[in-house]
K.L.:
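Can you read through this structure? Questions will come right after.
Keep in mind that this is a model prediction, so the values were computed, not measured. Each chain gets a letter, A, B and so on, in the order its sequence line appears, and its residues count up from 1. Because only heavy atoms are used, hydrogens play no part in the values below, and waters and symmetry mates are left out as well, while side chains stay in.
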Amino acid sequence: QQIAIGHLQDLSGGTSDVGTPYGQGVVDTFAWVNKNGGIGGKQLAVDSNDYGYQVPRAIALYKKWSAPDNKVAAIMGWGTADTEALTGFLANDKIPDMSGSYAAALTDPEGTSGKAKPAPYNFFYGPSYSDALRAELTWAAEDWKAKGKPGKPKFVHMGANHPYPNAPKAAGEALATELGFEVLPPLVFALAPGDYSAQCLSLKSSGANYAYLGNTAASNISVMKACKNAGVDVQFLSNVWGMDENAAKTAGDAADGVIFPLRTSVGWGGDAPGMKTVQEIAKMSDPTGKVYRPVHYVAAVCSSLYMKEAIEWAVKNGGPTGENVAKGFHQKKDWVPAGMEGVCSPSTWTEKDHRGTMKVDLYRARVTGPTDGDLNDLMAKGVIKLEKVKTIELPRKAEWAGW
Amino acid sequence: MNTSFLIQLLVNGLVVGTLYGVVAMSFVLIYKATQVVNFAQGELLLIGAWVCWLLLTKYQVPFWVGMPLTLVFMFAFGIAVQVVILRPMIGEPIISVIMVTIGLSTVFQAALKWMFGVNPQPFPPVFASKAVDLFGLQIQTVYVMSLAVSVAMMLGMAWFFKASKYGLAMRATAFNQQVAQSLGISVKNVFAMAWAISATVSAVAGVVVAVVNGVSSGLSAYGIKVFPAAILGGLDSVGGAVLGGIIIGLLENIAQYVDSQYLHWGNLYEIAPFYVLILILMIKPYGLFGTKDIERI
Amino acid sequence: MVARSTIPAGDFRTSYAADTTIFPTKTSRNFAIAGVILLCFAPLVFSEYWLSVSIQIGIFAIAALGLNILVGFTGQISIGQAGFFLLGAFTSAYINNTYAIPVFFAIPLAGVITALVGLVFGLPAARLKGLYLVIATLAAQYILLDFFSRAEWFSGGSVPASANPFSIFGYTLRGDRQYFYVVLAYVLVCYLLVTNLMRTRDGRALIAIRDHYLSAEIMGINLTKYRTLSFGLAAFFAGIAGALYAHYQLVISQEGFGIERSILFLAMIIIGGTGSIMGTLMGTAFVVLLPESMEWLSHNLKGGAIDKALALNNNITFLREIAIGLIIIAFLMFEPDGLARRWRQIKTYWKLYPFSH
Amino acid sequence: MTETLDTPRAGAGSALAAPLLSVRNIEVVYDDVILVLRGLSLDVPKGAIVALLGANGAGKSTTLKAISGLLKTEDGEVTRGEIMFDGARIDGIDPEKIVRRGIFQVMEGRRIVADMTSLENLKLGAFTRSDREVNSDIEMVFNYFPRLKERTGLAGYLSGGEQQMLAIGRALMARPKMILMDEPSMGLSPLLVKEVFAIIKEINRDLGVTILLVEQNARAALSVASHGYIMEQGKVVLDGTADSLRDNEDVKEFYLGGAGDQRKSFKNLKSFKRRKRWL
Amino acid sequence: MDYTLEARGVSLRFGGVKALTDVSFGVREGELFSIIGPNGAGKTSIVNCISGRYKPTEGRLFHRGHDITGLPPNARAKIGIGRTFQNLALFHHMSVLDNIMVGRHHLLKNNFLTGSLYWLTGARREELKHREKVEEIIDFLDLQSVRKAPAGTLSYGLRKRVELARAMALEPHLILLDEPMAGMNFEEKEDMARYIVDLNEEYGMTVVMIEHDMGVVMDISHRVMVLDFGRKIAEGDPAAVLADPHVKRAYLGEEDELLVDPDEAPSIAEDAA
Ligand SMILES: Nc1ncnc2c1ncn2[C@@H]1O[C@H](COP(=O)(O)OP(=O)(O)OP(=O)(O)O)[C@@H](O)[C@H]1O
Ligand SMILES: Nc1ncnc2c1ncn2[C@@H]1O[C@H](COP(=O)(O)OP(=O)(O)OP(=O)(O)O)[C@@H](O)[C@H]1O
Ligand SMILES: [Mg+2]
Ligand SMILES: [Mg+2]
């Protein structure tokens, strides 16, 4: 008797740059769980699928997973568009989905906010895109003040016209206005790498001081490089998927100074008791343990272990049905999976609020030299550094729920 | 009116457009000889970029050696693709051959991701001074180089088709393969040649964009940009392709100007070229320099 | 496309009516009817998975059929079919959500509205030829997508729109098992309509334009009208298919309906055989099943000996993509005229069996 | 059944010279199923003009395409028999190689490259040559067909007859050993037909080009040819010297238009037809 | 006006090429009118003007007294003008039958809506009715055996015949034939000539024919017009026109052995007996 889990990952589509390490993290974690006896003596049967960031393929897979004859206990999801597309089905079929999409619309289980449809079976680990951006804006407002520059700072939202980059747009712009920013018209750039010189020239001519990069790393890099070339003087605030160690390596000095949120308390090799577990898990796909794992991998380990513990609770309390697993998420407060102390941030999901955390750790990417060479070396030598800037504890405002 | 911003955008459009032009030229080349629309053009560009990257980073070859090596490789690669995949398709319905190039692009795309991973890779610095200043805009040295190279390639290509015996043979083959064969022209060789040259020319563009943006699978998007460029110039005109590329480049940037100054739609730069394209086609159904079909009965 | 029609000996036709039937022989007709009857039992025996695969085949086959009218019969290549597919999907959802028009009527209505828009986009077809037209359709696709991503009132902008399940007079169909019959009915009707169209006046006019537009014009065929019309027809079927898809998936997202999907539609008809109605269905099945079977294969490979030996890990997905590409290439190398031709040849072979040279 | 009028087949031309081209018993199938040539044989002696006559659909063009290798592009295939040229087998090899060996086909229906000028078309004719005399040969062609020189636009806009001239001119540019001509007089005005046949004779005599001539204008064809074959339904049904064919009753009736030198009127035809003796 | 078709001062230029210069002529109802002339004289061009492919640079064309100079080609099918082409223009992948059915396009009433609903709208009945007409034409031109063959696989001569059938299917009263006998042997020309004469005499169609075979032109046409370098150089009774020294010089060359007085030729029936 096995417990079935559906796993959507993007290894070949528009977000494969970050989808690959995250997907690997999920696969490794469950493999590790299985190796250590599974859950309550049951092995996990993880059906991992590369869906290429295509909604129809996600839905087709979902049909398979939701069929009564072999219904899964839970889904490890991925993108914003596909997760939002599945939301209604998940609620209907009572299957919890731990997604890689942190859209705030997924955090309102009962739809009480009026901003989003009810999403009782959606979960994710980390601050929502909107909350992360709110924290970044809060920091930016302080930064502006600290620098003592005159006038209103200008804020601009940048990203593809796509559910994922758009998810925090309204929230960000609303808070920015509130915080005294002048909000400029958004700038659009595609989810694929390309030449975005024109956008950077617009950015330059608009005189923006803070620009939010809503895409994933690959295309953000293009923008950062192009803007560097065009001599744009702007502070980039990146989405959680928009910056990581690989991106810093590729972008080189163009990535220097970018602010981004980190979901885990430490990165790969960081000083925390839980890091040992992470390294154990990483051995599942790399027995040498030498491969450097970017932040998304570590976040995936956390997400998967939350799922594991929720299932564990379900197994003990009536069996691993989707409904029970969802209940499992609601059991604990300030929850850190066993063995992950100091790595995963304490999270709480309640029946009424699926904002797991309101705490946002802001980091700054530091690149201090040429970035050719092995990532392990670069990190070890400190050529690339992820520097903690500030932890922002946002208030759990009811009016911020769901958007 | 923000003139300096507009000028910067126009200069940027010119530079980027020239690159579109180079790729469009290589696209037109295959079309002219084989009547086949090559959907894998962007991937040829990408392969060129990765190969050069590999030579420069893994084998630490200097650029002035790596670049020619890349071109030689791409020439051979073009021939190989033609011989193995497209040669058996000679004489089959064009639309099926086009579909094969689409299949090829899938295969290349996946194979490259497999070999080089999904993460973009930075290109080692190639030129001592990275940029030159033009109207207050920093223009990458590679872009300036590519401008020179593409003008040279365009002239060479134009001469080739107009005056050389093999250029004539290519045109005859495009017109009708059976007729070409009846004249003693080896359709196979003509096609192989077309693919080889086209792959080589694309690789030049590939390396140029890679130097600027780093290498990643996204570069193959240039393959799509090429369609409007080639069509705008007129499918069978080499000069037209370059001009079409430049026009598309300029249009994108003008659209960006209008958008960021007045409209704030967000992605006008992506869509505007297509509106203009349809407009131009309605006035000139064969693009700016394309030859009209002969309608004689 | 050029194989001579061969009719088994002994099958004499005594009237012109008998000579204009859809099926060349009585047996083939009986086979077709039997096939349809068997399909009616499919929901009882198929697993959810196979059901959903067959529904997809059915829906895409309708859109591909429309495209085949344009490409195969009129000779105008389009890479914009996915745009019209989406338009149909959004339209049906929109008119159903906003004007409370029952889904039962919304689907055909969406087809008609899409067809009208298709006519407008078809206007350049009167002037453009070959690749110039292809790129104009590409432009149409981009323009439509841009519209969808902007028109929040209509399509929800970049957020997926939602659609209601299929319902007839207050009775709502739930689940794939019931929806299967809706799709089956649409497939049957659409394929019959097009078969009829192609053996009557306007269908012949389209084919005539494909084969020789100059002489078609002199035979009294209005080129502008028919070229535009074929765009309208293609859009109609795309719209119907899109609407069916919307009420099947219940959410409509632009994702996955860019030019890649338009190209897939093209692949369906090329693999099936341009200008072949039955081929369209076969080609669609091929294109839908290919990635599915590769998925299945890569799944079984995963963790297996080959995987370990080659250290494939995640690269299996690239292997799968490569395999899909290679199979399409190989298929076209061996069967450049599509499945329809081989099918015809097999039939000819059996008909002529002892005598086939 | 084949009826030979005078000398036995193999000897037909061998009295003069060894056959340059010899087609032995070939079968041609289109599209894997349609059998068009059913065991056809013919010889063309070196330096001769041989006429190949036959009704529409008899397979004349197919025969020429089988020799020049162009069948392949039409899904056709030689499934039996062999074709020898200049002492070597040429069936199955690529058409462009056959051109290089010296056989050039003037295809039915002109087939000039419509989007090139006449001059470019002529240059293409000389594609396989690398000598320096190409330009003087272009002058030679323009001398034969002065009209071509006047029309400098794209060849696709030429009139039917002008295109025919260009097609013949292009063949001359290749300086082949042998030309296969598929209905060279089609669409030409009576004056030009005479000229074209004069030119055929001339190039045969002056340049020593061997010619296999498919022609519907049997009278003209037999007046230049030394030998003729008559095809029906994929087979040779009659062959002999040009003179012997001209005297054959059937040939007179079905190809030359009436017995003797008298011509029947087209006006008073009845639908009744007499059976051909060779069938 | 008793001309079915009349050209008044028609000129046609393509850039520098003068394809036609001030050509005027008239064709009477029921006539079999031939146009001859050297290659490139403008014969096809004038037919193209009549069928609407080309628009004359100058001059007017009248059909039964109406000015049709600017009428689009497809509208000319409706007023009863049909034609065949010098360089074959069949629908290659369609069967012979369908090719001919296309000719009936303007006579059929069903459209894409009624056609798709075949059984419900009477489209079937209409199609079958016209199919009968087409079969008549097939019988008339002896095409029975290739009825279902794709036109692209036929031999040259048969294709010409199918073209004629397709043009006939339009039920035109004026039919334009561009070199209908090119590429045929004597026997086939006989057949073709017979069809054309029947077309003219039994179906009562007015025929305009371009032909290079002087025997045919002389025997069957009522009147002949000669073009040279885009100008009309002669018009009138065939025998008289062919005897014209100007025509001989421009077109026929010196005495043609094919031209024998038709009255002296033995008839085919005698020969058979
Ligand atoms: N590509 C093809 N596919 C199928 N059948 C063909 C093809 N080409 C020719 N045929 C058939 O082969 C036979 C001989 O054709 P071919 O063109 O050789 O005749 P021909 O003697 O040259 O006639 P014509 O005098 O009309 O040119 C015809 O019955 C024709 O239908
Ligand atoms: N569309 C066109 N563009 C340019 N020139 C043309 C065009 N159509 C015809 N011509 C020219 O006009 C002249 C007359 O052509 P046309 O086809 O009428 O001749 P024709 O009398 O039919 O000759 P043939 O007997 O050879 O068919 C030719 O010299 C031709 O080159
Ligand atoms: Mg022939
Ligand atoms: Mg003519």
K.L.:
With a 3.5 Å distance limit and no angle check, can you tell me whether D/Asn56 reaches the backbone of E/Leu154 through a side-chain donor-acceptor pair?
P.N.:
no
K.L.:
To the nearest 0.5 Å, how far apart are CZ in D/Arg151 and CZ in E/Phe14?
P.N.:
10.5 Å
K.L.:
Around atom CZ of E/Arg231, are there more than 12 heavy atoms from other residues, nucleotides or ligands closer than 6.0 Å?
P.N.:
no
K.L.:
Under the salt bridge (Lys or Arg N to Asp or Glu O under 4.0 Å) test, which residues partner E/Arg28, sequence neighbours left out?
P.N.:
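Salt bridge (Lys or Arg N to Asp or Glu O under 4.0 Å) check on E/Arg28 returns E/Glu31.
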K.L.:
Between E/Tyr195 and chain D, which part of the residue has a heavy atom less than 4.5 Å away: side chain, backbone, both or neither?
P.N.:
neither
K.L.:
Rounded at 0.5 Å granularity, tell me how far CG in E/Asn87 sits from CD in D/Gln163.
P.N.:
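It comes to 6.0 Å.
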K.L.:
Can you see which heavy atom on D/Met165 is nearest to which on E/Asn39, and at what distance?
P.N.:
CE-CB, 4.1 Å
K.L.:
Could you pull out the closest heavy-atom pair between D/Gln216 and E/Met184, with the gap in Å?
P.N.:
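It is CB-O, 3.2 Å.
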K.L.:
Tell me the closest heavy-atom pair linking D/Pro190 and E/Met214, and the distance in Å.
P.N.:
CG-CG, 4.1 Å
K.L.:
Give, as side chain, backbone, both or neither, the part of E/Arg161 having an atom under 4.5 angstrom from any heavy atom of chain D.
P.N.:
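No part of E/Arg161 comes within 4.5 Å of chain D.
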K.L.:
Please look at D/Glu108 and chain E and tell me whether the side chain, the backbone, both or neither of the residue comes under 4.5 angstrom of a heavy atom of that chain.
P.N.:
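Only the side chain of D/Glu108 comes within 4.5 Å of chain E.
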K.L.:
In terms of heavy-atom contacts, does NZ of D/Lys72 have more than 12 from other residues, nucleotides or ligands at under 6.0 Å?
P.N.:
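Counting other residues, nucleotides and ligands, NZ of D/Lys72 exceeds 12 neighbours.
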K.L.:
Which residues from residues 180-189 of chain D are near chain E, with near meaning under 4.5 Å between non-hydrogen atoms?
P.N.:
D/Glu183, D/Met186, D/Gly187, D/Leu188, D/Ser189
